[in-house]
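Just below is one structure, and these are the notes that go with it.
In what follows, every chain begins at residue 1, and chains take the letters A, B, ... in the order their sequences are listed.
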Amino acid sequence: MAGSNPNAKPMNLTLKVWRQKNRQTQGNIVDYQVRDISPDMSFLEMLDVLNEDLLRKGEEPVAFDHDCREGICGSCNLFINGRAHGPEPGTTTCQLHMRKFSDGDTITIEPWRAEAFPVNKDLSVDRSAFDRIIQAGGYVSVNTGGVPDANEIPIPKSIADQAFDAATCIGCGACVAACKNASAMLFVSAKVSQLALLPQGQVERKTRVENMIAQMDKEGFGACTNIGSCAAECPVGISLENIAILNREFLAAKATSNNLA
Amino acid sequence: MSWLSNALTSSIGRKIIMAVTGLFLCSFLVVHLVGNLQLFKNDGGAAFNIYSHFMGTNPIIRTLEIVLLLGFAFHIYEAVALTGKNRAARGSQGYVVNHIEQNSPWQSRNMGLLGTVILIFLLVHLYNFFYRARFGELDPDINNNADLYTLVVSSFHQWWYVLLYVLAQVALCYHLIHGFKSAFQSLGLTHRKYTPFVTYLGYAFSVLVCAGFAAMPLYFFFLQ
Ligand code: HEM
Ligand code: SF4
Ligand code: FES
C-alpha cells in the first residue's frame with residue numbers, strides 16, 4: 001500500500017465490545033482477541049477482521065454503522081476507550097488508524113449513549129432524532145424556474161467561510177455522545193447558523209430556529225451548559241461560536257417572530 | 001403569553017435565565033465586597049457598623065434585598081431544573097469507560113457541586129451575620145449602631161469558620177471561572193473582537209473577587 005510503513009509490526013489486541021441483541025434486551029461487554037492487525041488498517045478494518053473471525057467460528061458478527069469510510073457520511077460512530085471517535089482529535093472512527101494503538105493494548109468499544117439515541121444492536125444506534133430536527137427546519141425555500149447564476153447573490157467572503165465551516169457538520173452525533181448533558185446544541189447550532197448567515201436562509205430564519213429547538217427538546221436531548229466536550233470531540237471542528245449564534249438567533253426569533261406558540 | 005412561557009422553559013430559555021441571574025449575582029458580589037472592605041479600616045468597626053446600619057434600614061436597599069433573594073431563587077431553581085433534564089437526557093446506561101476529563105475542564109462539569117458548596121456556605125453565612133444583625137440583639141457600639149463588627153471579628157477567630165469561608169471562596173472562584181464567560185456565551189454575546197477580553201475579565205473577576213472575600217477572615221484570624 002502506498003505510504004505504508006514496511007517496518008510496522010502487526011499487533012495483537014484485546015477488545016472489550018458492547019454486545020446487545022436488540023433494543024429490548026440488556027447488553028454487556030464481551031472480550032475478544034484480534035491478531036495480526038496491521039498498523040495501517042483503519043479502526044473499522046480492524047473490526048472487519050474481528051467479524052471475519054467471528055463468522056468463521058459461527059458466531060454472530062458485531063453490528064456497527066459505517067458507510068463512506070472516508071470521513072464524510074458521519075455513520076461510523078464508536079465510543080473508543082472513553083472518547084467519541086477514539087483518541088485522535090478531528091477524526092471520524094473510519095479515519096482513525098490502528099497505528100494510534102500499540103501491540104497488547106486493550107480497547108473498549110461502546111455505542112453512543114444518550115436517551116435520544118437508543119441502541120439498535122451492539123454498537124449501532126438510532127440517530128433518527130437528528131433527522132427529525134432537520135425536518136423541523138433545516139431547509140430553505142427556493143424559486144422554481146431557471147437555474148440562477150452562480151454568483152448572483154453577493155456574500156462577503158468572511159461570511160461565506162463562516163457558513164461553510166458550519167456546513168461541514170456531518171451529523172455524526174459525537175457532540176451528543178461526548179456531552180455530559182447529552183445535548184445536541186452543537187449539531188443544531190451548526191445547521192441554524194449556517195442557514196442564518198446566508199441570504200438564502202432568511203425566509204424561514206425565525207421559524208427555523210424556533211422549530212428546531214422545539215424538536216430538539218422534544219427528542220429528549222439535554223440543555224447545553226457550555227462545557228465544551230462537544231467541540232473538543234467534533235471530527236470536523238464545529239466551534240462553540242455556533243452555539244452563541246444559535247442562542248442569539250433563538251432569543252431574537254422568540255422576541256420578534258409572528259408565531260404565538 | 002404561551003410563546004413566552006414556552007421560550008423560558010425551553011432548554012435555551014432556561015440557560016438564559018441562568019445567565020441573567022448569574023450575572024446579576026456577580027454584580028451583587030461587587031457591591032458586597034466593596035462595602036465590606038470597611039472591615040479593614042482600623043477604627044474599631046465604627047465605619048463598618050454605620051455601613052451595615054444603612055444597608056439594614058435604607059428602603060431602596062431593602063427592596064433590592066428582595067430582588068437579590070429572587071435572583072438566587074431563580075438561579076437555584078433553574079440549576080435544579082436543568083440538572084434534572086440533563087440527567088434524564090444522558091440516559092440510564094452510562095459508558096463503561098469515559099474519559100470526559102480529556103475533553104473538558106473540571107469546573108465546567110461540576111457547576112452543580114460548586115453551587116451546592118456555595119449554597120451551604122450562604123446558609124451558614126446568612127444565619128450567622130444577616131439573621132443575627134436583622135432579628136437578633138446585637139449590643140450597640142460607640143455611635144449607638146448595632147455592633148455587627150464585633151460579631152464578625154469573633155466569628156473570624158474560630159478556625160473552622162475561617163476554613164469554611166476560604167473553601168467557599170475557592171468554590172465560588174471556580175464557579176465563576178466557568179460561569180462568567182459562560183453567561184456571555186449563553187446570552188449569545190460573543191464577538192471575535194470582544195470575547196477574548198470577556199474571557200480574560202472573567203478570570204480576573206473570579207480571582208480578585210474571591211481573593212478579596214477570603215482576605216477578610218484570614219486577616220482577622222492571623223493579624224488581629
Ligand atoms: C453568589 C453566588 C453565585 C453566583 C455569582 C453565580 C454565578 C453563576 C454564573 C455567572 C453562571 C453561568 C450561567 C451560564 O452559564 O449561563 C452560573 C451557573 C450555574 N450556577 Fe451559579 N452562581 C451563584 C450561586 C449558585 C448556587 C447557590 C447554585 C446552586 C445551588 C448555583 C448553581 C449553578 C449551576 C448548576 C450552574 C450551571 C448551569 C448552566 O451552566 O447551565 N449557583 N452561576
Ligand atoms: S457538530 Fe460535529 S460532532 Fe456534532 S454532529 Fe456535527 S460533525 Fe458530528
Ligand atoms: S463511515 Fe462515513 S464518516 Fe466514517
Side-chain angles (χ1 to χ4, degrees), chain A residues 16 18 26-27 29 79-84 87 89 108 110 113-119 176-185 210 213-214 216-217 220-233 240-241 243-255 257 259-261, chain B residues 1-16 18-20 78-79 81-112 178-192 195 198:
Chain A
K16 291 180 165 296
W18 184 264
Q26 287 280 322
I29 293 278
F79 207 78
I80 302 162
N81 279 350
R83 302 284 300 272
T108 307
E110 300 174 76
R113 297 286 183 202
E115 200 58 20
F117 286 167
V119 173
V176 175
C179 174
K180 177 175 181 264
N181 308 320
S183 170
M185 288 274 279
E210 291 183 328
I213 292 300
M216 176 186 93
D217 283 344
F221 291 106
C224 174
T225 61
N226 305 327
I227 294 173
S229 301
C230 54
E233 299 292 19
L240 293 175
E241 170 69 17
I243 296 185
I245 295 177
L246 171 65
N247 291 342
R248 54 177 188 263
E249 286 292 317
F250 181 80
L251 254 178
K254 279 293 175 192
S257 79
N259 306 320
L260 290 175
Chain B
M1 295 291 270
S2 72
W3 66 269
L4 187 58
S5 59
N6 283 347
L8 293 178
T9 52
S10 70
S11 49
I12 298 183
R14 289 193 187 283
K15 278 294 304 181
I16 285 167
M18 280 310 288
V20 170
E78 294 298 347
L82 278 170
T83 306
K85 179 185 165 74
N86 290 342
R87 285 239 173 96
R90 193 93 282 298
S92 47
Q93 175 65 55
Y95 291 110
V96 176
V97 179
N98 188 0
H99 286 298
I100 199 162
E101 77 288 352
Q102 293 174 1
N103 63 33
S104 55
W106 182 87
Q107 67 272 17
S108 304
R109 298 191 307 269
N110 290 285
M111 289 295 277
H178 172 83
F180 192 91
K181 67 174 187 308
S182 170
F184 285 83
Q185 167 85 0
S186 299
L187 294 169
L189 297 175
T190 57
H191 193 282
R192 63 179 64 173
T195 299
V198 168

Between CD1 on residue A:I227 and NE2 on residue B:H178, distance to nearest 0.5 Å: 6.5 Å

query: Looking at A:C224, A:G228, A:A116, which has the largest count of heavy-atom pairs under 4.5 Å with chain B?
result: A:C224

query: Would you find more than 12 non-hydrogen atoms of other residues, nucleotides or ligands less than 6.0 Å from B:R87 atom CZ?
result: no

Part of A:I213 within contact of chain B (heavy atom distance under 4.5 Å): side chain

message: Donor-acceptor pair, distance only, cut-off 3.5 Å: does the side chain of B:Q185 make one with the backbone of A:I243?
response: no

task: Keeping the roles fixed (side chain from B:Y95, backbone from A:R113), state whether a donor-acceptor pair exists under 3.5 Å.
output: yes

- line: Interatomic distance, CG@A:D217 vs OG@B:S11, rounded to 0.5 Å, equals 3.5 Å

- request: For residues B:L82 and A:N181, determine if any side-chain heavy atom of one lies less than 4.5 Å from a side-chain heavy atom of the other.
  value: no

field: Winner by heavy-atom pair count (cut-off under 4.5 Å) against chain B, out of A:S257, A:A255, A:A177
entry: A:A177

Chain A interface, residue from B:P105, B:G94, B:G13 that has the most non-hydrogen pairs under 4.5 Å: B:G94

- prompt: Quick one: CG on A:N247 to NZ on B:K15, what's the gap to the nearest 0.5 Å?
  reply: 8.0 Å

- prompt: At what distance, to the nearest 0.5 angstrom, does CG of A:N226 lie from CE of B:M111?
  reply: 9.5 Å

Side-chain donor or acceptor of A:T225 paired with backbone N/O of B:R109 under 3.5 Å: no

Spatial distance of atom CG (B:L187) from atom CG (A:L251) [nearest 0.5 Å]: 7.0 Å

task: Just give me the residue among B:R14, B:K85, B:R90 that pairs up with chain A most often, heavy atom to heavy atom, under 4.5 Å.
output: B:R90

message: Can you tell me which of A:E210, A:E241, A:E115, A:E233 forms the most heavy-atom pairs within a distance under 4.5 Å of chain B?
response: A:E115

task: State, yes or no, whether a side-chain contact exists between B:N98 and A:F79 at a heavy-atom distance under 4.5 Å.
output: yes

query: A:I80 versus chain B, heavy atoms under 4.5 Å apart: side chain, backbone, both or neither?
result: neither

task: Mind ranking A:A182, A:P118, A:P89 by heavy-atom pairs under 4.5 Å with chain B and telling me who comes out on top?
output: A:A182

query: With no hydrogens and no angle check, is any side-chain donor or acceptor of A:K254 less than 3.5 Å from a backbone partner on B:A7?
result: no

query: Which one, B:T195, B:I100, B:T83, B:T190, leads in non-hydrogen pairs under 4.5 Å with chain A?
result: B:T190

- request: Would you indicate whether the side-chain heavy atoms of B:Q93 and A:W18 approach each other to under 4.5 Å?
  value: yes

